Amino acid sequence: MTPAQTIVTRFAPSPTGYLHIGGARTALFSWLLAKSEGGTFLLRVEDTDRERSTNEATDAIIQAMAWLDLAAEGTAVFQSQRFDLYNSHIDRLLETGHAYWCQCTPDEVEAMREKARAEGKKPKYDGRCREAKLGPGPGRVVRIKGPQDGVTAFQDMVKGPTAVQNSELDDMILRRSDGAPTYNLAVVVDDHDMGVTTVLRGDDHVANTPKQILLYQAFGWDVPKFGHVPMILGPDKAKLSKRHGALSVMEYKTMGYLPEALVNYLARLGWACGDQEIFSREELVKLFPAGNLGNSPSVFDIKKLEWLNAHYIKQSTPERLAALLPEYLAAAGGTTGLNLDPSYLASIMPLLQPRAKTLVEMADMARFFLVPTDQLAYDAKAVADQLGPEARQLLADLLPTYEALSDGGDYADHKALEAATQAFLDARGLKFKAVAQPLRVALTGKTASPGLFETMCVLGKTEALARIKRALTL
RNA sequence: GUCCCCAUCGUCUAGCCUGGUCCAGGACGACGGCCUUUCACGCCGUUAACAGGGGUUCAAAUCCCCUUGGGGACGCCA
């Protein structure tokens, strides 16, 4: 049997800003589509608009895709370097009569649109130069000579059968008056040239698809499969915007989200596979074709992302989290004086993993572990509430018990610490509640913390005792 | 203005194609409870939806039409 053509997908951002959440999702879906069928995923940078494109944006997009682990095959294609290719194809269209020169000025075309609008018709170029048989000249553009009747139809992978009356389309410009090719032309030439078999892109491109199909037909090329994924909305159901705080993928990194959490969240936004919520990358690749791509816009819900992030934090190894944390400590309060020894940090992580929803929170919770005792910040209210005369006396009485325990032995086992404490309390007929909060404040400076004895273990004998003693002096 | 698309709990969605098994399932959130040395985790439970109106049919969340609401596109931007 003849092997089916292997799938080739691509992500084609324009470098006019960072990679936003919607773009990331289309990139992910395209990547998944390719990988799930053993195909190839390509990256193309659509920088034909030299005014708005920047190298910084290109780098930022590539960096964000790397963070999400969406690797593209080979090196990226840059449209700005392929103008000769596009122009030779435009010439070919001119020769075959599928395109023509037009001398109408932007103002004239705008007037045509106004007129059409006033008549309640679709605003479009009226085609007055179609048969003028003009040649090149200053200020002239090249337009496609599109069909004026009939329909252009295609099977959209997510929306189903889609068709547009050709009369709705106007003769779009292929080459600008400055000689530069336009978007739709470049896209078609590139997708064909790169061997793209499947185009998955944002909803905002549906209207371009028939125009591009017309170009494929004019060139006599095979038309790829198209799919248009719905947009992502903000909490107010309006288009996601800056007001919602979070559109750049890398901002999510800054906010302390793990890439696999974002990927999992994005995958489930507009796609579902039964009732499953948690997907490893491997499962995503395997299950993507089996799931449903939704066809209605979805609202970005940060709460659910948080939940997934908490899940993946719990799944992570302490070592990985320990390696990630210094960056967040530095961003919030700095790292001077902190003990950032990797294995020490790693020993803290298991206490924080069940508690933190983001790495930012985690850094905040980790701080008291890392600061030297004499710099530990005690919460004033906590001290006032929990370290009264009685409590201090109790801690002072408890001190010898903890001093008697061996560092590295008993202090490596929180159960031993707990047992010793319980024995001390039993001898005095006290409840555990009597010491819990005072001890916690003494050790951590706060009223909320991980388990007391686990905390003491991580701190170690020297540090733990020093903190209790310091608390007695406050 | 013109064309196109969409519509299930607050949110993400399953179900819709191939009507009955759905007084609509899961998840996040919210609320309540349990656990408990604090904070979390975890566990248990509650809340809450087929946009509205007409059809078709013995039977409609599922099929058709209209209305309403939302979105997108109409560039010498991408």
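Excluded from the calculations below are hydrogen atoms, water molecules and symmetry mates; all remaining heavy atoms, backbone and side chain alike, are included. Since the structure is predicted, the reported quantities are computational estimates derived from the model, not experimental observations.
At the phosphate of B:C16, neither OP1 nor OP2 sits under 4.0 Å from any side-chain N or O atom of A:N292. Here A:R176 reaches the OP1 or OP2 of B:C77: one of its side-chain N or O atoms lies under 4.0 Å away. Side-chain nitrogen and oxygen atoms of A:T182 include none within less than 4.0 Å of the OP1 or OP2 phosphate oxygen of B:A78.
A:S298 comes within 4.0 angstrom of the backbone, heavy atoms only, and of no base. Among the atoms of the strands shown, base atoms are found under 4.0 Å from some heavy atom of A:F453. A:L452 comes within 4.0 angstrom of a nucleotide base, judged by non-hydrogen atoms across all strands. A:G270 comes within 4.0 angstrom of the backbone, heavy atoms only, and of no base. At the heavy-atom level, A:P450 lies under 4.0 Å from base atoms of the strands shown. Nucleic acid contact class of A:T162 (heavy atoms, under 4.0 Å, all strands): none. Nucleic acid contact for A:G139: base, since at least one base atom lies under 4.0 Å from a heavy atom of the residue. Base contact: A:C104 has a heavy atom under 4.0 Å from a base atom. Counting non-hydrogen atoms under 4.0 angstrom, A:S177 reaches a base of the nucleic acid.
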> Do A:D190 and A:R44 pass the salt bridge (Lys or Arg N to Asp or Glu O under 4.0 Å) test, and can you show the C-alpha distance, the side-chain angles, and the key distance before you say yes or no?
Replying inline: CA-CA 9 Å; A:D190 280 334; A:R44 180 173 71 230; 3.8 Å; yes
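Note that A:R143 lies in the cation-pi zone of A:Y125, set by a 6.0 Å cut-off to the ring centre and a 45° limit from the axis.
Contact of the A:D91 side chain with the A:Y86 side chain is not registered, since no non-hydrogen atoms from C-beta on lie closer than 4.5 Å.
Remark: aromatic rings of A:W271 and A:F279 are close, center separation under 6.0 Å. Two rings, from A:F288 and A:F29, have their centers less than 6.0 Å apart.
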If you restrict it to nitrogen or oxygen atoms, what contacts under 3.5 Å exist between nucleotides 70-74 of chain B and the protein, and what is each distance?
unit_1: B:C74; atom_1: O2'; unit_2: A:P123; atom_2: O; d: 3.1

Could you write out each protein N or O paired with an N or O of nucleotides 22-26 of chain B at a distance under 3.5 Å?
unit_1: B:G25; atom_1: N2; unit_2: A:D275; atom_2: OD1; d: 3.1
unit_1: B:G26; atom_1: N2; unit_2: A:R268; atom_2: NH2; d: 3.4
unit_1: B:G26; atom_1: N2; unit_2: A:E277; atom_2: OE2; d: 3.0

Below 3.5 Å is the cut-off: list the nitrogen or oxygen pairs between protein and nucleotides 43-53 of chain B, distance only.
none

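Of the two residues contacting RNA chain B, namely A:G120 and A:N295, the nearest-nucleotide position lying further toward the 5' end is that of A:G120.
The separation between A:L439 atom CG and B:C39 atom P is 16 Å, rounded to whole Å. Residue A:F300 contributes atom CZ, which lies 17 Å from atom C1' of B:G10 at whole-angstrom precision.
Using N1 to N3 plus N6-O4 or O6-N4 for Watson-Crick, or N1-O2 and O6-N3 for G-U wobble, each under 3.5 Å, B:C31 pairs with B:G45.
Taking the P atoms as reference points, B:C31 lies 39 Å from B:U68, given to the whole Å.
No donor-acceptor contact under 3.5 angstrom links the side chains of A:T162 and A:D156, judged on distance only.
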